[in-house]
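I have placed the structure first, in the form of structure tokens, so that the comments after it can refer back to it.
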Amino acid sequence: MSGLKLDGKKEMSISSEIVDFSNPSRVYVPLMNGNTICACLTKAGKKVKKGSIIGKREDLDFPILSPVSGTVVDIKKCLYQNGEMVDTVVIANDMKETLVKKNIVSDITKYTKEEFVELLRKCAIKGMGGSDFPTFLKYKGEVEILIVNAVECEPYLTADLMLCKLKAETILDSITAIMKINNIKKCFIAYKENNTIVRDAFMEYIENYNDIVLEPVKNIYPAGWERFLVKKVLGIEYDRFPSEVKVVVNNVSTIYSIYKALKYQRGISKRIVTISGEGFSIPINILVKIGTNISTVIKEIGEYKGENLKFIAGGPMMGNAIGGDNLIVTSALGAVTIISDTEDEINECMGCGRCIKVCPAKICPAFIYKNVNNKEKLKELNPELCVECGLCSYVCPSKLGLRDAVKIAKKKVKE
Amino acid sequence: MKFIKENGPHIKSNDSTSKIMTRFLIALTPIICFAIFKNSVIVYSYASKGFIESLHPLFMIIVGALTSFISETLYYKIVLKNDLRTSLYESYRSFGIISGILLALVLPPNIPLWLVSFGSFTGSIIGKMLFGGFGQNIFNPALLGYLFISASYSNLMGSPFNAYELDTIGGATPLSNLMNFNYTGSFENIVSPFGDLFNLFVGNIPGAIGEVSKLLIIISFIYLVITKTIKWIIPTIYVTTVFILTFIISKYIDAGVWYSLFHILSGGLLFGAVFMATDPVTSPLTTIGQILHGLSLGILTVLLRFLTPYPEGVMTSILFMNMLVPLFDKIGIKARNNIRNIIIIVITFILIIIISILNITHKLDKNSSNVSELDSKVNILEVKEDGNKKIYEVTSKGWGLIKADVEVEDKNIKSIIIKDSKDETQWNEIEKNNYIYKVIQNQNNIDKLDAVSGSTYSSNALKNIVKKVKIEEAK
């Protein structure tokens, strides 16, 4: 499989500690799951507790939980990570952290598989690596192998890295529980070979766990892509989902959230977010409540540097420059990258073939770009296989918007 | 604070089209320098040519580059109705000068400047701008210009020698010499007239101004590969294919490995493979496409060298294969979806290679029977030596029997004196056409010379005399 070595720039934001900003006066919870709009199950003036259901993705009966206790003030449009304004539930935080139900489970391995899946749904655990995909769906079928994704291949991002560094033991406990409940035989913790912090963090404890293996992967982008990982770690390929080959791939942050769910039966209320990039004075990792308006935190930490800045929700490869900094933190938002705009000298496609060489999904972006208006031809070019990693646009010497073209083609083919 | 709203990715590789083209030009500089050294400096020092006259090769390169730049600018200005500033900028951005320089480098050293200009102009306008400019053209503009020159002004194309070589070496280029020997023969016949293989490697042989130094071309190739400027698969597969095919042929004719090396080191093969076949715009994008492209180029070049009276073959192959690039890419895309899709293509290629080799060996067999046929038609009665001159007294079968004296100096035929041609019914046609003079003029490429219409038998008898004497001389 192809891919490319990128300048990681991770050392910028690796620091000794994570700064806690988890007491916002107000949270704004988007009524979204990924790009699916969810129904609102609350209204202004209602009192909520931490863990109260305030919205629901109706097709999957998948709840949205309140990350704080307090009062619903308003339902208004706010800036979401895809760059659009979406409905959010505004909750005034009473700082009391009153829970719906206080519950501490002493032995987290004592769940049946059915209880486990139901718990993941109730606690609204979702993919925290960026997909926002409901995790309970992954565990519905039989599972033989679990791959924990701690690769974090996008440049600048260190949120998962920091989590591994600080919570390695908890993560291993969580993995053990998941393995026992689901009768999983083997688990691989995949990390990038040059991110030695991850290796060192687990090394201390890993001897006690026979079925958990630390698995280094090459320092290339997009090594953290699900299909890529399954292929690299296990040497097998699948058609659409890893469940076809009885494999589950979970982000390491998701694993940590599952621990919280198993132990306290709580949903995701906080997460680590990396704020980094040359356009920001103090690159840092922060712990924030889901629903925090990140601009208020940023103002407290440091300031923007330079001209023509881009405020990117996510990493520089797959994130969107959303055109403003009033971004709402969701569980899928791993980072905010602030960098200045590249000055691109755009030219015609010269046919160098680099986009084709580098594409991890084995499609031909240059030909899709040229035939973007020819639907018949597009069908032969399989744009639907694209994972939107952005490498084609990255390598293009003529600086063409190849990924955008493939995205358009994807839509056209699906019509 | 204002932020830019944009789709990602937000970091880009720091390579760009103009950087790639600049590196391509850098790779060409040693070759340009050697062209000027060999065809200007040496000529000025040893061949009593004037200073300005010696600089002709340099002027060729400058004229080539300038013409393509100016003609593209004019096209942007007049046809596309841009203002002058934009036209100049667009022309700069479409890297027109590269095709002009490439064209000059594949031309022989003594070609008129206006012809370089003509080729460069047609290459840029017809080969590139009419297709829609940079990135849109199907054919390599430099090669299309070359085609226009050689098709319309072949008589002005000039010889591949510079003035110094005309004085010292004389004779033929390695490839036309090879053809005179019907592609078979010993090391002494084929390589020794040019020294040894090392001479061919460093470029101490006659040929087009930029093509001869294989050493510099290989150095440039390494530079281009390390800097990821060109599609290295194409030249590698191309040259390897030529090597393997000629190696098989060399086994057939009982020659050593030098025979394949000779094929690789002579003519424009390396230059064409590295600088022309890799032109990003006119070569396949997919890996499988590039492999097939290189393979086809190799097969076609060998076929052209062995089966046609044009011993070069490289430029024609590349130009022809430009047309098949979309097909190769189509196959490449299919192979990307599923590698099994190309089993049929692989089988086809294996068949093509087998058929090609059979064809060539058949031709070589026929050639050797031609040689014995030549022996039965031409008889050398006596050879007189007079200092460095030799006079061959020969007879040759036409309608009847032609008797002639052939005067040879330094392995070159200087004159043919006909002593008896009374049996030739259409001899007046020969004389009207000044055919004997033509035969002497074309002695190194005698197979390319057409017979006089209405007098084919006598024409062939004269051509046979030249062939026979040439073979005798080379022994």
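Small disclaimer: the values here were computed from a predicted structure and weren't measured.
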For this session: Answer whether the closest heavy-atom distance between the side chains of B:R336 and A:I356 falls below 4.5 Å.
Result: yes
Exercise. Who among B:I20, B:T287, B:I230 has the most heavy-atom pairs with chain A under 4.5 Å?
Worked result: B:I20
Problem set entry | A:K362 and B:N337, any side-chain heavy atoms less than 4.5 Å apart | no
Exercise. Is the count of non-hydrogen atoms from other residues, nucleotides or ligands lying under 6.0 Å from B:K5 atom NZ greater than 12?
Worked result: yes
Seminar exercise, completed: chain B shares the most heavy-atom pairs under 4.5 Å, among A:D325, A:N320, A:N347, A:V395, with A:N347
Exercise. Say you draw a straight line from CZ of B:R93 to OG of A:S398; how long is it, rounded to the nearest 0.5 Å?
Worked result: 9.0 Å
Exercise. Within a reach of under 6.0 Å around NZ of B:K330, are more than 12 heavy atoms found that belong to other residues, nucleotides or ligands?
Worked result: no
For this session: Look only at the side chain of B:H10 and the backbone of A:G319, and say whether a donor-acceptor pair between them is shorter than 3.5 Å.
Result: yes
Exercise. Side chains of A:K399 and B:S13: does their closest heavy-atom pair fall under 4.5 Å?
Worked result: yes
Exercise. Is it true that a side-chain atom of B:S16 and a backbone atom of A:P397 form a donor plus acceptor pair closer than 3.5 Å?
Worked result: no
For this session: Determine whether the side chains of A:E345 and B:S18 contain a donor N or O and an acceptor N or O closer than 3.5 Å.
Result: yes
Problem set entry | Proximity breakdown for A:M317 and chain B, heavy-atom pairs closer than 4.5 Å | both
Problem set entry | Candidate pair A:D341 and B:E6, rule side chain to side chain contact (heavy atoms under 4.5 Å, CB included), full reasoning | CA-CA 10 Å; A:D341 195 14; B:E6 200 177 59; 3.9 Å; yes
Seminar exercise, completed: Shortest non-hydrogen pair, A:G390 vs B:P9, comes out as O-CG, 3.3 Å
Exercise. Hey, is CZ on B:F320 packed in by over 12 heavy atoms from elsewhere, all under 6.0 Å?
Worked result: no
Exercise. Under a 4.5 Å heavy-atom cut-off, does chain B meet the side chain of A:I312, its backbone, both or neither?
Worked result: side chain
For this session: Report yes if the side chains of B:K12 and A:D344 come closer than 4.5 Å at any heavy-atom pair, otherwise no.
Result: yes
Problem set entry | Proximity breakdown for A:I346 and chain B, heavy-atom pairs closer than 4.5 Å | backbone
Exercise. Please walk me through it: do B:T286 and A:C364 pass side chain to side chain contact (heavy atoms under 4.5 Å, CB included)?
Worked result: CA-CA 8 Å; B:T286 52; A:C364 302; 4.3 Å; yes
For this session: Count the heavy atoms belonging to other residues, nucleotides or ligands that lie under 6.0 Å from OH of A:Y369, then report whether that count exceeds 12.
Result: no
Exercise. Would you say B:F3 and A:I322 make side-chain contact, with heavy atoms under 4.5 Å?
Worked result: no
Problem set entry | Pick from A:G324, A:G323, A:G353, A:C349 with the largest number of heavy-atom pairs that fall under 4.5 Å of chain B | A:G323
For this session: Can you establish whether the number of heavy atoms outside A:K412 located under 6.0 Å from its atom NZ is more than 12?
Result: yes
Problem set entry | A:I363 versus chain B, the contacting section by heavy-atom distance below 4.5 Å | backbone
Seminar exercise, completed: Between B:F134 and A:M350 the two heavy atoms that sit nearest each other are CZ-CB, 3.6 Å
Problem set entry | Student check: side-chain heavy atoms of B:I4 and A:F311 closer than 4.5 Å | no
For this session: Take atom CD of A:E343 as the centre, draw a 6.0 Å sphere, and report whether it contains more than 12 heavy atoms from other residues, nucleotides or ligands.
Result: no
Exercise. Where does A:N308 contact chain B at under 4.5 Å (heavy atoms): side chain, backbone, both or neither?
Worked result: both
For this session: Give the intermediate values and the outcome of side chain to side chain contact (heavy atoms under 4.5 Å, CB included) for residues A:R354 and B:L285.
Result: CA-CA 8 Å; A:R354 286 182 191 182; B:L285 280 75; over 6 Å; no
For this session: Would you please test A:I339 and B:I11 for side chain to side chain contact (heavy atoms under 4.5 Å, CB included) and show each step?
Result: CA-CA 9 Å; A:I339 49 176; B:I11 47 174; 4.0 Å; yes
Seminar exercise, completed: Turns out that what part of B:T278 lies under 4.5 Å from chain A's heavy atoms comes down to neither
